[in-house]
Amino acid sequence: MTTHLAQPTTAAAGLPAAERSCVRCGISSRYPGLVFDSDGVCDLCTRYAEHGTEIDAWFGDVDRFVELVRGRAEARGSAYDCLLLYSGGKDSSYVLYRLIDLGLRVRTFTFDNGFISKTALRNVETITSELGIEHVTATHADQNAVFLRSLQQHKSVCNGCFRSLLDLSTQHAHDLDIPTIVTGLSRGQIMDERLTWFHRQGIFDPAEIEPRLREGRQVYHQSGGAVSAEVVDSVEVVDFYRYSDVTKDGIRALLRERSDLWAQPGDTGFCSSNCMINDAGVLVHSRERGFHNYEAPTRWEVRLGHLDRAEADEELRPPAATPRVRKMLLQIGYPLPEEGVARPPAGAPVAERTSPPAPSPAGPAARRAPLTPAQREALGRGTEAPDRQARVLLLQTPEPADSALTRRATLRLLLHHEALRLRFVRRGETWEQYDGGPAGAVPVLRLDVSGRDAAAEAELVATAVDRLRSRLDLAGGPLLQVALVDRGELPARLLLVVHELVADTRSWRVLLRDLSALWAGGGEAELAVADSFLERAAAVAPGPVAPAAPASKDGGDPVRLTVACGAPASATRVAGVLAAVLTDLGDAPDVEVLDHTAGDGPAGIGRWTLAQAPASGDAPLIRYQHFGDLDALLPDGSPFTRVAADEADFTVLPDTGRDGVSVHGVVRAGVLHLDWWCPPGVRGRLLAAAIPERVARRLTTSP
């Protein structure tokens with residue numbers, strides 16, 4: 001397969017040029033995606049100041065919590081009201097005492113990940129005995145391997161630990177017919193992990209957020225495959241601190257008052273009161289992602305008034321590679337990252353691992369190549385999350401879901417195409433790529449939407465797209481994700497997610513040609529010889545790199561305008577009309593063109609060209625991408641049909657239209673449509689000048 005660059009963007013407007021901290025909450029500019037105003041206030045603080053009443057509407061009171069939990073238990077006829085996830089730390093110990101005070105019938109569940117503080121485990125034993133609580137402690141047989149995968153994929157141990165905890169506790173609650181799991185997540189964690197994404201989209205209504213969180217939980221469990229959809233649906237997860245506004249000081253005061261048995265663990269990390277391996281995860285994340293992985297939730301505690309800023313600064317002290325941390329990393333098999341090597345300059349894309357996984361004994365992993373000009377521009381454009389820049393395609397199969405066939409076909413694609421196995425490593429200011437081999441599990445998950453109506457299915461698919469993009473990892477792989485959408489007796493669908501660094505549109509045609517052949521052959525087929533991408537990359541690497549687009553001064557999430565433009569037209573013609581219309585209006589713009597229907601260029605797939613000479617001054621820059629008819633991506637005779645769906649829009653990458661005007665030419669049902677993506681402030685200017693309509697009219701009326 002080959003590669004190309006598409007949809008250039010730049011760093012967000014206002015991103016600081018040097019490291020700084022918000023004057024209100026203290027969050028570091030190392031945290032990706034932040035924008036600071038002229039007074040030094042971060043956009044998270046600004047959003048909370050502007051929408052605090054709407055945001056706070058998510059939270060409730062303890063009476064509402066009791067009503068929810070007790071009501072579910074009574075409806076089920078359960079012997080318990082809830083299962084508390086109990087770590088022995090201060091937050092969950094406080095919750096346990098409060099649940100007992102509220103008269104709830106509680107059972108507790110502890111996950112021992114192998115690195116739990118001995119003091120925390122003693123707290124669990126003594127407090128549950130003191131209160132007469134039935135308790136169970138569970139372990140995962142291969143938790144070190146889980147930690148290793150979590151560090152490779154997320155640069156954190158917490159993701160893998162939470163996965164094991166939620167899978168095991170959900171199954172346990174289901175087995176005992178306990179309808180509710182109660183967590184001790186802090187309000188800062190709730191804000192960061194549950195709500196911030198919605199707030200960035202302008203969604204504040206709990207009635208809209210609640211069902212989407214439930215759908216997200218279903219996708220989360222299905223992506224791991226350890227717990228069935230039936231089990232997940234039978235158990236509700238409720239965050240106690242959603243309904244309790246107690247501060248950190250209030251938590252400590254109650255524990256001092258209520259128990260002489262609870263002890264503050266002294267052998268844990270700064271950001272955990274129960275876990276020792278936490279410091280190892282923080283060290284890896286800080287060195288390889290460039291910022292502390294507790295930065296966001298801890299600063300939310302400051303905004304919410306639950307934590308003093310000075311105490312937050314203390315909790316977020318830079319981690320040290322102590323002998324204990326080194327020993328833990330050695331135990332789970334993760335190399336100690338070098339200090340300072342992987343940190344990008346402020347405003348640059350977050351750097352990934354500085355050293356790749358151990359090369360495969362077979363040899364190909366040792367071959368390295370520089371990036372093509374298209375790849376270099378993609379990694380240098382300043383997107384908030386370079387790992388997530390993946391195109392998405394939704395296909396319908398001719399028969400119901402077949403997991404075995406999906407996995408066989410996906411594995412053959414990985415083995416056949418070197419580009420799908422690529423890994424990327426940054427050394428200083430230079431990026432390299434190499435063949436990481438088909439290591440790890442086949443990246444296929446099953447998404448069960450059987451019995452859902454069309455709207456619910458679309459919501460789940462949209463959530464799955466977001467989840468699959470988040471699983472991509474430039475350094476550790478994979479760069480391909482596949483979801484088999486099980487629709488019961490209806491024809492199944494395949495959701496394909498492939499990072500733009502390893503597949504341009506021409507490459508997608510090759511990928512879909514081979515996938516179609518493999519599907520028709522039951523997972524086996526004679527495939528055409530695939531050229532080495534690394535050899536080709538080395539040949540085109542010296543080529544020039546197109547300049548990045550200027551950042552837009554118009555804030556807010558991008559908006560879309562779609563205008564029908566008559567019969568299909570070539571990329572050259574559309575770009576010429578764009579330039580002519582804007583020149584007639586006196587803007588004299590640059591129009592950069594990427595024709596996804598064309599073949600290779602001298603600098604590699606996806607080279608941008610100018611429709612006219614560069615303009616002087618601050619004239620606007622229009623980027624036009626010509627996709628043609630997306631149905632033509634599939635070969636003749638393919639067993640698949642393309643599903644046209646907004647939740648799986650092949651032409652739209654994350655951040656499309658955030659930093660300027662991006663126009664996509666797409667043929668739908670024989671008619672060319674131009675999709676205009678731009679910041680909201682630009683939308684008004686486009687409409688005021690009737691630019692989209694002028695372009696459509698000229699394309700429709702002129703030869």
What are the two closest heavy atoms between [X] and [Y], and how far apart are they?
{"X": "Ser259", "Y": "Ile127", "value": "OG-CD1, 3.5 Å"}
{"X": "Cys82", "Y": "Val182", "value": "CB-CG2, 3.7 Å"}
{"X": "Pro400", "Y": "Gly488", "value": "CB-O, 3.6 Å"}

Has the side chain of [X] got a donor or acceptor atom that lies under 3.5 Å from a matching backbone atom of [Y]?
{"X": "Asp387", "Y": "Leu474", "value": "yes"}
{"X": "Arg47", "Y": "Cys42", "value": "no"}
{"X": "Ser286", "Y": "Leu283", "value": "no"}
{"X": "Thr406", "Y": "Asp402", "value": "yes"}
{"X": "Glu301", "Y": "Gly188", "value": "yes"}
{"X": "Asp486", "Y": "Ala401", "value": "no"}
{"X": "Gln189", "Y": "Ser186", "value": "yes"}
{"X": "Asp61", "Y": "Arg64", "value": "yes"}
{"X": "Thr170", "Y": "Leu166", "value": "yes"}

Quick one: does [X]'s side chain get under 4.5 Å of [Y]'s, heavy atoms only?
{"X": "Tyr241", "Y": "Leu185", "answer": "no"}
{"X": "Leu460", "Y": "Arg452", "answer": "yes"}
{"X": "Arg324", "Y": "Asp279", "answer": "yes"}
{"X": "Phe147", "Y": "Phe115", "answer": "yes"}
{"X": "Leu44", "Y": "Ile27", "answer": "yes"}

Is it true that the side chains of [X] and [Y] contain a donor and an acceptor less than 3.5 Å apart?
{"X": "Asp239", "Y": "Thr183", "result": "yes"}
{"X": "Arg317", "Y": "His292", "result": "no"}
{"X": "Ser92", "Y": "Ser87", "result": "yes"}
{"X": "Asp245", "Y": "His306", "result": "yes"}
{"X": "His174", "Y": "Gln171", "result": "no"}
{"X": "Asn123", "Y": "Tyr86", "result": "no"}
{"X": "Tyr48", "Y": "Asp56", "result": "yes"}
{"X": "His135", "Y": "Thr137", "result": "yes"}
{"X": "Glu134", "Y": "Thr108", "result": "no"}
{"X": "Ser28", "Y": "Glu295", "result": "no"}
{"X": "Arg72", "Y": "Thr180", "result": "yes"}

Query - Stepwise side chain to side chain contact (heavy atoms under 4.5 Å, CB included) check, Thr46 with His51 - result: CA-CA 9 Å; Thr46 300; His51 299 281; over 6 Å; no

>> Assess the residue pair Phe198 and Phe204 against the criterion (ring-ring contact (aromatic ring centres under 6.0 Å, His included)); give the C-alpha distance rounded to whole Å, side-chain angles, the decisive distance to 0.1 Å, and a yes or no.
In response: CA-CA 7 Å; Phe198 293 101; Phe204 302 100; over 10 Å; no

Between [Y] and [X], does any NZ, NE, NH1 or NH2 come within less than 4.0 Å of an OD or OE carboxylate oxygen?
{"X": "Lys155", "Y": "Glu288", "result": "yes"}
{"X": "Asp448", "Y": "Arg487", "result": "no"}
{"X": "Arg388", "Y": "Asp473", "result": "no"}
{"X": "Glu125", "Y": "Arg122", "result": "no"}

Tell me, with the steps shown, if Asn159 and Gln153 meet side chain to side chain contact (heavy atoms under 4.5 Å, CB included). CA-CA 9 Å; Asn159 301 75; Gln153 294 178 7; over 6 Å; no

Cationic tip of [X] within the cone over [Y]'s six-membered ring, i.e. under 6.0 Å and within 45° of the normal?
{"X": "Arg242", "Y": "Trp58", "value": "yes"}
{"X": "Arg200", "Y": "Trp197", "value": "no"}
{"X": "Arg187", "Y": "Phe59", "value": "yes"}

_Derivation and outcome, side chain to side chain contact (heavy atoms under 4.5 Å, CB included), residues Ile116 and Phe111_ = CA-CA 9 Å; Ile116 294 296; Phe111 174 57; over 6 Å; no

* To do: Step through the shown structure and confirm whether more than 12 heavy atoms of other residues, nucleotides or ligands are within 6.0 Å of CD on Glu230.
  =>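 No - once you tally the heavy atoms of other residues, nucleotides and ligands closer than 6.0 Å, there are 12 at most.
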
